**Q** 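My questions all concern the structure below.
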Amino acid sequence: MLVQRLGAPSDFDPLLERIRDARIVMIGESTHGTYDYYRLREQLTRRLVAELGFSFVAVEGDWPDCERVHRSVTAADGLADPRSALELFERWPTWMWANAEVARFARWLRAWNSERPEDRRTGFHGLDVYSLWESMQAIFDYLGEEDPTSLEAAQEAYRCFEPYGRKPEEYGDASRFVSARCEEEVVRLLTRTREQAAADGPDRFSTWQNAEVVAGAERYYRAMVGGGPESWNVRDVHMADTLDRLLDLHGPDARAVVWAHNTHVGDARATDMADAGMTNLGQLARERHGTDDVVLVGFGSYRGTTVAAPRWGSPPEVMVVPPARPGSVERRLHELMPDRAVLVFGGPDQPGWVTDQLDHRAIGVVYDPSFESWGNYVPTRLGERYDAFVWCDETRALHPLPAEAAPGELETYPAGV
């Protein structure tokens with residue numbers, strides 16, 4: 001194991017050496033509201049783009065919202081300022097991506113891309129599954145202009161979902177009755193748009209991806225009603241499938257940076273998630289692409305502040321993250337590590353706290369610090385879950401933009417992540 005104190009972007013050199021020719025680098029976070037994670041992730045990603053030629057950044061966000069950001073950072077007829085695209089995010093929790101830290105990275109990425117030919121510009125894409133209505137509207141907008149003959153399939157799918165308004169969880173409840181299901185309509189829509197996407201062009205691909213989102217959302221909300229791990233697995237498989245489609249879109253030499261929560265990035269087989277029948281994005285990437293082509297990077301801290309909400313749909317608050325509990329990964333690193341460090345795992349003589357199972361903190365968009373004594377931790381074998389780990393002993397909350405969540409449909413992350 002190698003430990004490097006972090007003080008400047010150049011201190012990521014040992015991690016870049018570990019990455020070398022990897023095709024996929026997944027960079028996590030143990031909260032969705034911490035400035036230090038976003039800032040360090042930005043510094044690392046800039047180096048991956050500028051020095052190693054990574055092709056796109058794919059995030060735990062909705063495809064339509066992130067498509068606006070993508071068009072802005074690649075100067076493809078989008079908003080001139082990526083911050084304006086981020087301020088249009090409406091789905092709660094908006095602060096995950098509509099924040100000053102992401103805006104700074106997106107502005108840098110637009111400037112970087114402006115000096116490169118169109119076919120070598122670095123993209124910004126969303127992997128997630130929730131944007132059923134937004135994706136449906138994007139399909140209508142495209143087909144109305146480019147392929148009116150395909151509108152019928154889209155209209156059939158829309159009419160099937162329409163009785164449930166913008167509350168797909170009500171569709172999930174109703175889907176317990178066979179007559180309420182929209183599977184056939186969605187399959188017809190997906191088949192039609194997949195055929196059309198065979199032609200070149202980003203608009204065609206985006207329409208196909210929006211149809212994949214509609215199909216994934218239909219499966220997700222139907223699975224959510226039954227409880228258990230199935231809805232989580234539907235979501236992470238959708239994200240893994242989207243990542244693979246993006247790699248194909250960007251070409252045989254494409255390389256991807258993924259930003260998502262540790263619970264998606266870190267291999268589920270090194271946690272108790274596997275015992276519960278859950279898979280995740282990091283595990284799927286290793287299985288599909290091989291461990292040499294995938295590098296998983298976790299993040300963690302001992303204490304600080306973060307942005308989260310006390311309940312679903314509530315406005316975000318700056319919350320205190322108390323010191324990590326005894327026996328946890330974070331308590332051990334607090335005792336052993338400098339204030340900031342990057343740890344690159346590997347080699348025969350790794351310490352017990354790397355190979356043994358210890359509790360590892362995970363804070364979602366909904367957070368109650370009083371639960372720290374019994375919740376918010378995932379039993380983890382750190383050196384198996386990640387290839388590297390970025391440590392920040394004390395952290396600060398990020399800075400949300402003035403973006404407001406639209407009324408209606410809310411996020412439904414299992415366990416708040």
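Here the structure is a predicted model, which means the values were calculated and not measured. The residues of the chain are indexed from 1 along the displayed sequence.
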**Q** Please report the interatomic distance CG(Leu132) to CG(Asn210), rounded to the nearest 0.5 Å.
**A** 10.5 Å
**Q** Hydrogens and angles aside, do Trp63 and Ser206 bring a side-chain donor and acceptor to less than 3.5 Å of each other?
**A** yes
**Q** Please assess Arg288 against Asp244 for the test salt bridge (charged side-chain N to carboxylate O under 4.0 Å, His left out), listing each intermediate value before the final yes or no.
**A** CA-CA 9 Å; Arg288 295 179 181 186; Asp244 288 347; 2.8 Å; yes
**Q** Kindly write out the residues that satisfy side chain to side chain donor-acceptor pair (under 3.5 Å) with Tyr367, not counting sequence neighbours, or none if the list is empty.
**A**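 For Tyr367 the side chain to side chain donor-acceptor pair (under 3.5 Å) partners, ignoring immediate neighbours, are Glu372.
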**Q** Among Leu127, Ile24, Leu296, Asp267, whose side chain to side chain contact (heavy atoms under 4.5 Å, CB included) with Leu281 holds?
**A** Leu127
**Q** Apply the test side chain to side chain contact (heavy atoms under 4.5 Å, CB included) to residues Val297 and Arg18: give CA-CA distance (whole Å), side-chain angles for both, the deciding distance (0.1 Å), then the verdict.
**A** CA-CA 11 Å; Val297 184; Arg18 169 65 181 83; over 6 Å; no
**Q** Charged N to carboxylate O under 4.0 angstrom, Glu335 versus Arg332?
**A**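 Here Glu335 pairs with Arg332 in a salt bridge, since their nearest N and O are under 4.0 Å apart.
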**Q** For Arg47, is there an ion pair with Asp13 - N to carboxylate O distance below 4.0 angstrom?
**A** yes
**Q** Please say which of Asp356, Leu358, Asp272, Thr271 ends up in a side chain to side chain contact (heavy atoms under 4.5 Å, CB included) with Thr380.
**A** Thr271
**Q** Go through the structure and list residues passing side chain to side chain donor-acceptor pair (under 3.5 Å) with Arg219, not counting sequence neighbours.
**A**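 Not a single residue meets the side chain to side chain donor-acceptor pair (under 3.5 Å) criterion with Arg219.
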**Q** Less than 6.0 angstrom from the centroid, inside 45 degrees of the normal: does Arg41 satisfy that with respect to the ring of Phe299?
**A** no
**Q** Which value, rounded to the nearest 0.5 Å, describes the distance between Phe89 atom CZ and Asn99 atom CG?
**A**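 Phe89 CZ to Asn99 CG: 9.5 Å, rounded to 0.5 Å.
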**Q** From the options Trp259, Tyr38, Trp112, select the one residue that forms a ring pair (Phe, Tyr, Trp, His ring centres under 6.0 Å) with Phe105.
**A** Trp259
**Q** Could you walk me through whether Arg245 and Thr242 pass the side-chain hydrogen bond (donor to acceptor under 3.5 Å, both in side chains) test, one step at a time?
**A** CA-CA 5 Å; Arg245 283 191 290 273; Thr242 300; 3.2 Å; yes
**Q** Any side-chain donor paired with an acceptor under 3.5 Å for Thr31 and Tyr37?
**A** no
**Q** Ion pair present between Arg340 and Asp36, side-chain N to carboxylate O less than 4.0 angstrom?
**A**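 Looking at Arg340 and Asp36, the cut-off is met.
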**Q** Step by step, would you call Asp368 with Ser370 a side-chain hydrogen bond (donor to acceptor under 3.5 Å, both in side chains)?
**A** CA-CA 5 Å; Asp368 184 345; Ser370 67; 2.7 Å; yes
**Q** Can you tell me if Glu212 and Trp208 form a side-chain donor-acceptor pair at under 3.5 Å?
**A** yes
**Q** Starting from the C-alpha separation in whole Å, work towards a yes-or-no answer on salt bridge (charged side-chain N to carboxylate O under 4.0 Å, His left out) for Arg104 and Glu101.
**A** CA-CA 5 Å; Arg104 178 177 51 230; Glu101 290 70 30; 5.0 Å; no
**Q** Apply ring pair (Phe, Tyr, Trp, His ring centres under 6.0 Å) to Phe205 and His125, showing your working.
**A** CA-CA 12 Å; Phe205 178 86; His125 304 292; 7.5 Å; no
**Q** Using 30° and 60° as the class limits, which term best fits the ring planes of His264 and His261: parallel, tilted or perpendicular?
**A**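 If you compare the ring of His264 with that of His261, the planes turn out perpendicular.
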**Q** Looking at every non-hydrogen atom in both residues, tell me the closest pair between Arg269 and Ala274 and how far apart they are.
**A** CA-CB, 3.9 Å
**Q** Counting only heavy atoms not in Arg5, do more than 12 fall under 6.0 Å of its CZ?
**A** no
**Q** Check the angle between the aromatic planes of Tyr130 and Tyr221 and answer parallel, tilted or perpendicular using the 30° and 60° thresholds.
**A** tilted
**Q** Do Ser328 and Asp359 pair up side chain to side chain, a donor and an acceptor below 3.5 Å, judged on atom types alone?
**A**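 Not at all, the side chains of Ser328 and Asp359 share no donor-acceptor pair under 3.5 Å.
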